[in-house]
Amino acid sequence: QKEVEQDPGPLSVPEGAIVSLNCTYSNSAFQYFMWYRQYSRKGPELLMYTYSSGNKEDGRFTAQVDKSSKYISLFIRDSQPSDSATYLCAMSRLLSGGYNKLIFGAGTRLAVHP
Amino acid sequence: NAGVTQTPKFQVLKTGQSMTLQCAQDMNHNSMYWYRQDPGMGLRLIYYSASEGTTDKGEVPNGYNVSRLNKREFSLRLESAAPSQTSVYFCASTITPGDRGFLGNQPQHFGDGTRLSIL
């Protein structure tokens, strides 16, 4: 079983829709939770970053962490064609020596059509 | 503001050939990483370097070697390329606890990748 599970999609939605992207994980030691956006032929870019449970909002994006259920979500409101990309969840724990051990989901491909 | 720069962007090799992938960051980060990205697998860590002069194995180090040349540069070498190493390779960097500007477990900054095909 993978430490982090993410539905690969693809997910196709009309412009203006609310998008919900999700990941589940098995390791309760994870402390930090990230969402990255990756456009075609580009490197991942950090979208949202949260520590512990709860919600964090940034513009049209809301990240939600439920540590009791080992479940994280990313919501995109008023989705735009420019949101079409692959979304990767990632989670980490800080090891001794400062190493930031990141485990990534496989990514969900999102297409927002006009 | 370049961030993390990787060269080359594309490369085709024959089985058994060797090559070095280059990575440089201009953010004065101590920690640097090499990942590979394969369909359905997400990103997997190959090697990392917590600071200049140190390197450690990640999840999938077999068939690779690394060199942390200085604080800016971290290279990945394939000594004898195999078709199973066909992948997209990403370099990343991050602030380490104790660095000036560290605010928490800083996430990683990525380059745009090297697309490597081995025939």
Is the distance between the ring centroids of B:Phe74 and B:Tyr47 less than 6.0 Å? no
Main chain of B:Glu79, side chain of B:Arg77: is a donor-acceptor contact present, judged purely on distance under 3.5 Å? no
Would the B:Tyr33 and B:Phe90 ring centres measure less than 6.0 Å apart? no
Can we say B:Arg72 and B:Glu52 salt-bridge, meaning some charged N sits less than 4.0 Å from an Asp/Glu carboxylate O? no
Toward chain A, the part of B:Gln6 with a non-hydrogen atom under 4.5 Å: neither
Engaged part of A:Glu45 at the chain B interface, taking heavy atoms whose separation is under 4.5 Å: neither
Is B:Phe10 in contact with chain A via its backbone, its side chain, both, or neither, using a 4.5 Å heavy-atom distance? side chain
Please flag which part of B:Arg115 lies under 4.5 Å from any non-hydrogen atom of chain A: side chain, backbone, both or neither. side chain
Heavy-atom proximity to chain B below 4.5 Å, by part of A:Pro44: both
Determine, for B:Arg36 against B:Asp38, whether the closest basic-nitrogen to carboxylate-oxygen distance falls under 4.0 angstrom. yes
